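Just below is one structure, and these are the notes that go with it.
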Amino acid sequence: MKKLTMLYEGKAKKIFDTDDKDYFWVEYKDDATAFNGIKKGTIQDKGIINNKMSAMLFTYLQQNDVDTHYVELINDREQIVKRLEMIPLEIVVRNIVAGSLAKRVGQEEGYELASPVLELYYKNDDLGDPLVNETHALAMGWANMDQIESMKKIALRVNELLTHIVGKARIYLVDYKLEFGLSEGKVMLGDEISPDTCRFWDIDTKEKLDKDRFRRDLGKVEEAYVEVYTRLKEVVEID
Ligand code: TMP
Ligand code: ASP
């Protein structure tokens with residue numbers, strides 16, 4: 001496959017066209033932003049870690065019958081994915097209270113939820129990705145009922161699979177964000193799964209091993225990304 005013109009440059013990735021209309025070429029960058037782009041910086045080699053970690057986790061999910069856009073790794077920073085028609089929603093899955101949920105409900109970070117919480121956010125940078133609910137998504141035409149049900153079902157299955165594997169690496173999967181799209185009408189998991197999009201806490205020390213180190217100026221950002229990837233690589237079995 002050939003890498004052609006750049007179609008889109010996001011905050012953390014560039015998307016290129018390919019000579020096959022069914023596929024995109026994705027390049028992961030070291031650029032980091034937080035608070036809807038207000039805080040900007042660079043996390044050295046983040047693009048490499050996120051590209052490889054996402055490829056590994058998507059492969060693991062696919063081997064467990066989750067449909068995803070992931071196709072193959074090209075090199076350290078690049079991968080091929082299926083072209084999806086993206087649904088303009090972010091699905092956040094939470095197992096432990098942290099971040100915006102801690103603020104919204106006035107509960108301290110670290111409270112273990114009795115069951116997973118699923119939240120929908122409308123993907124719109126100008127609005128800062130506002131929290132919405134299923135009836136907004138339906139009424140605004142962002143997704144239909146079948147698609148919402150599929151996203152919820154896949155998100156809960158992904159949660160079982162990821163919680164299991166992350167736990168084996170002695171890490172808590174606190175919360176994370178998923179994005180979905182359509183390929184030939186079928187709902188598939190897209191985007192990435194990495195320390196940019198998940199909160200990972202060390203089970204033994206409760207140390208944060210994710211982008212919160214950048215968001216909150218905690219230091220040792222690069223080290224945290226490498227640590228999570230190294231630990232997961234040891235426990236994820238890929239055929
Ligand atoms: P939140 O607590 O700030 O709402 O974040 C919940 C999870 O979603 C957390 O793991 C980080 C991830 N996330 C993203 O991947 N992108 C975003 O733009 C935001 C706000 C959160
Ligand atoms: N990715 C989002 C942004 O740039 C927010 C975040 O991850 O905190 O601004």
Side-chain angles (χ1 to χ4, degrees), residues 8-15 26 28-43 46-47 49-51 53-54 57-58 68-69 86-113 116-133 151-152 154-156 158-159 161-163 165-167 169 171-181 189-202 206-218 221 224-225 228-229 232:
Y8 174 75
E9 176 159 9
K11 287 181 272 204
K13 299 188 280 295
K14 292 178 186 172
I15 313 292
V26 182
Y28 280 73
K29 309 191 289 181
D30 287 349
D31 300 348
T33 63
F35 316 118
N36 200 23
I38 290 168
K39 183 180 169 85
K40 288 191 175 72
T42 307
I43 301 173
K46 168 172 88 78
I49 297 288
N50 287 6
N51 181 41
M53 191 189 303
S54 223
L57 293 176
F58 274 77
T68 86
H69 72 160
M86 295 309 288
I87 294 169
L89 292 168
E90 299 191 343
I91 315 300
V92 167
V93 184
R94 302 180 184 270
N95 297 304
I96 295 175
V97 171
S100 69
L101 179 60
K103 292 209 181 94
R104 197 180 317 124
V105 300
Q107 176 70 54
E108 228 176 284
E109 285 205 326
Y111 178 84
E112 215 165 305
L113 293 157
V117 167
L118 293 187
E119 294 172 347
L120 303 183
Y121 292 84
Y122 174 43
K123 234 178 117 61
N124 184 312
D125 278 342
D126 292 341
L127 302 174
D129 301 340
L131 178 70
V132 295
N133 67 31
M151 287 191 284
K152 283 163 61 179
I154 300 170
L156 290 175
V158 167
N159 197 47
L161 291 164
L162 286 186
T163 307
I165 208 73
V166 168
I171 294 170
Y172 284 125
L173 181 61
V174 175
D175 57 30
Y176 53 99
K177 183 260 302 179
L178 301 174
E179 293 187 29
F180 294 88
L189 183 64
D191 198 47
E192 66 176 282
I193 300 177
S194 72
D196 269 15
T197 62
C198 304
R199 285 197 173 92
F200 295 122
W201 295 352
D202 182 285
K206 307 290 182 295
E207 196 187 0
K208 296 185 197 312
L209 298 171
D210 57 62
K211 193 173 165 190
D212 269 350
R213 301 202 71 84
F214 168 79
R215 294 189 188 97
R216 303 179 189 189
D217 295 319
L218 300 175
V221 186
Y225 278 64
V228 173
Y229 177 58
L232 285 179

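None of these values were measured; they are calculated from a predicted model. Counting convention: from 1, in listed order, for ligands and their atoms alike.
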Show the short N or O contacts, below 3.5 Å, that ligand 1 makes with protein N or O atoms; if there are none, say 'none'.
unit_1, atom_1, unit_2, atom_2, d
ligand 1, 2 (O), Arg94, NH1, 3.2
ligand 1, 2 (O), Arg94, NH2, 3.3
ligand 1, 2 (O), Ser100, N, 2.8
ligand 1, 2 (O), Ser100, OG, 3.4
ligand 1, 2 (O), Arg199, NH1, 2.9
ligand 1, 4 (O), Arg94, NH2, 2.9
ligand 1, 4 (O), Ser100, OG, 2.6
ligand 1, 10 (O), Asp175, O, 3.3
ligand 1, 10 (O), Asp175, OD1, 2.5
ligand 1, 10 (O), Arg199, N, 3.4

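- Any N or O atom pair closer than 3.5 Å counts here, and Asn36 shares at least one such pair with ligand 2.
- Residues forming a side-chain contact (heavy atoms from CB on, under 4.5 Å) with Lys29 (at least two apart in sequence, or on another chain): Glu9, Lys14, Asp31.
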Inset, instruction - Check the pair Phe180 / Leu178 against side chain to side chain contact (heavy atoms under 4.5 Å, CB included), numbers first and verdict last. - result: CA-CA 7 Å; Phe180 294 88; Leu178 301 174; 3.9 Å; yes
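- Asp212 places no side-chain N or O within 3.5 Å of a backbone atom of Arg215 that could act as its donor or acceptor partner.
- Close approach of ligand 2 to Phe35 (heavy-atom distance below 4.0 Å) involves ligand atoms 5 (C), 8 (O), 9 (O).
- In this structure, the protein non-hydrogen atom closest to atom 3 (C) of ligand 2 is Thr33 OG1, 3.3 Å.
- Without hydrogens or angle criteria, Glu179 side chain to Met86 main chain gives no donor-acceptor distance under 3.5 Å.
- Close contacts of ligand 2 with Arg215, meaning ligand atoms under 4.0 Å from a residue heavy atom, involve 6 (C), 7 (O), 8 (O).
- Closest to atom 7 (O) of ligand 2 among all protein heavy atoms lies Lys211 NZ, 2.8 Å.
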Inset, instruction - Give the intermediate values and the outcome of side chain to side chain contact (heavy atoms under 4.5 Å, CB included) for residues Ile193 and Cys198. - result: CA-CA 7 Å; Ile193 300 177; Cys198 304; 3.7 Å; yes
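- Counted within 6.0 Å of OH on Tyr8, heavy atoms from surrounding residues, nucleotides or ligands total 12 or fewer; the atom is thus considered open.
- Residues Asn159 and Asn95 bring a donor and an acceptor atom of their side chains to less than 3.5 Å of each other.
- By the criterion of a heavy-atom distance under 4.0 Å, neither the backbone nor the side chain of Lys39 is placed next to ligand 2.
- For the pair Lys177 and Tyr121, the cation-pi test (distance below 6.0 Å, angle within 45°) is failed.
- Close contacts of ligand 2 with Gly37, meaning ligand atoms under 4.0 Å from a residue heavy atom, involve 3 (C), 4 (O), 9 (O).
- A salt bridge links Arg199 with Asp175; the closest basic N to acidic carboxylate O contact falls under 4.0 Å.
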